Number of protein chains: 2
Amino acid sequence: MFSIGELSRRTKVKVPTIRYYEEMGLLAEAERTSGNQRRYDKAGLERLSFIRHARDLGFSIEAILSLIELQDHPDRSCETATDIAVSQLSDVREKIKRLKLLEKELTRISKGCDGLGVSEDCYVLASLSDHEHCENEH
Amino acid sequence: MFSIGELSRRTKVKVPTIRYYEEMGLLAEAERTSGNQRRYDKAGLERLSFIRHARDLGFSIEAILSLIELQDHPDRSCETATDIAVSQLSDVREKIKRLKLLEKELTRISKGCDGLGVSEDCYVLASLSDHEHCENEH
DNA sequence: TCTTGAACCTCTAGTCACTAGAGATTGTAA
DNA sequence: TTACAATCTCTAGTGACTAGAGGTTCAAGA
Ligand SMILES: [Zn+2]
Ligand SMILES: [Zn+2]
Ligand SMILES: [Zn+2]
Ligand SMILES: [Zn+2]
């Protein structure tokens, strides 16, 4: 059994974040000492590692809630899990697509001005004023 | 002179968002009718278009505030503007880098399970439980 | 056993860029 | 004149935390 601080050190999840996950229902309510402090065991550590890893991969709290529910029922079909993963993947691909468009425009905009001129003649400001300068929709 | 709804239609910025921008100091306080409704002119339209375009390119409100300040002083050096654009570009590149790593892992994870099995044996859940399955840091 | 102080507790509020809703007032066209 | 869409202000909610206040508990050293 270890404290919330120890759990934090082992998982690299900050203490207030652990408490937040408990409040959100991702972590079961921890056991408490007589003085009301949380104590965790190996199961708590593993669950938090799962949550942390899923968050690192960009899954939402809501998605993780579904994944955990599934994990708690080993006999259920795992269809939901793949659905969630596939949808997360397509979210990520969408974001990449959009960011690449932005990258293109921002590269052009940044290159257009060396910062040595005056605001009035600045290509950065002109480009922001008028989307017509842009090569793509974004 | 046109109403906030008309401005909204022309810029595709929602009415409450326009009011929010005003509150944040991005838009000057609009003129009002005797009945206290906002009225805008061409200058207001152009400024809102600028803001909208900058937001579409991912600039923060704070950054846009600096850019607007610069735009209001045509004789100042535009160095800040390039700085902001360059920093925005590198933010975007960072994000793309990170998302590409996620894409790799999520592709592997998604492919690893057809959703026909049972939670206990699910590759998605196993992968989330253990970062050791991953090929990259993320 | 006592004392110190780091770690813990709960609760509230702040972050960013909006979005939603309540309840009241105004503008405009038939 | 009347109807009703549009506007007004104000408060609160979103997601996933983070920060801080003010108080309590744990564990180690004297
Ligand atoms: Zn410039
Ligand atoms: Zn553009
Ligand atoms: Zn599966
Ligand atoms: Zn991993």
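Everything quoted here is computed from the prediction, not taken from an experiment.
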Item to check | Residue pair His138(A) / Arg98(A), side-chain heavy-atom distance below 4.5 Å | outcome: no
Could you check how far [atom1] of [X] sits from [atom2] of [N], rounded to whole Å?
| X | N | atom1 | atom2 | answer |
| --- | --- | --- | --- | --- |
| Asn36(B) | dT7(D) | CG | P | 13 Å |
| Ile18(B) | dT7(D) | CD1 | C1' | 12 Å |
| Lys14(A) | dC17(D) | NZ | C1' | 9 Å |
| Met24(A) | dG13(D) | CE | C1' | 13 Å |
| Arg55(A) | dC17(D) | CZ | P | 4 Å |
| Arg19(A) | dA16(D) | CZ | C1' | 16 Å |
| Tyr21(A) | dA16(D) | OH | P | 9 Å |
| Leu27(A) | dC17(D) | CG | P | 12 Å |

Next on the checklist: Reading DNA chain C in the 5' to 3' direction, which nucleotide is the first one with an atom under 4.0 Å from a heavy atom of chain A, and which is the last?
Outcome noted: dC8(C) to dT10(C)
Checklist entry - Considering all heavy atoms of both residues, which atom of Ala81(A) and which atom of Val124(B) are nearest to each other, and what is their separation? => result O-CG1, 3.9 Å
Checklist entry - More 5' along DNA chain C: Phe59(B) or Thr33(B), using each one's nearest nucleotide? => result Phe59(B)
Next on the checklist: If you assign each of Glu62(B) and Gln37(B) to its closest nucleotide in DNA chain C, which residue comes earlier from the 5' end?
Outcome noted: Glu62(B)
Item to check | Neighbour count >12 (heavy atoms, 6.0 Å) for atom CD, Glu22(B) | outcome: yes
Checklist entry - In terms of side-chain geometry, is the basic nitrogen of Glu31(B) or Arg38(B) positioned less than 4.0 Å from the acidic oxygen of its partner? => result no
Checklist entry - Distance check: side-chain N/O of Ser3(B) vs OP1/OP2 of dT7(D), anything under 4.0 Å? => result yes
Next on the checklist: Aromatic contact between His133(B) and His53(A), with the criterion being ring centroids under 6.0 Å apart: yes or no?
Outcome noted: no
Item to check | CA sep, side-chain torsions, deciding dist, call: Tyr21(A), Arg47(A), side chain to side chain donor-acceptor pair (under 3.5 Å) | outcome: CA-CA 11 Å; Tyr21(A) 287 160; Arg47(A) 167 141 301 183; over 6 Å; no
Checklist entry - Given Gln71(A) and Ser129(B), is the side chain to side chain donor-acceptor pair (under 3.5 Å) satisfied, shown in steps? => result CA-CA 10 Å; Gln71(A) 214 178 26; Ser129(B) 294; 3.1 Å; yes
Next on the checklist: Need one value for Arg32(A): base, sugar-phosphate or nothing, where a base atom within 4.0 Å counts as base even if backbone is also close, heavy atoms only.
Outcome noted: sugar-phosphate
Next on the checklist: Heavy-atom nearest nucleotide on DNA chain D for Gly5(B) versus Pro16(A): which residue maps closer to 5'?
Outcome noted: Gly5(B)
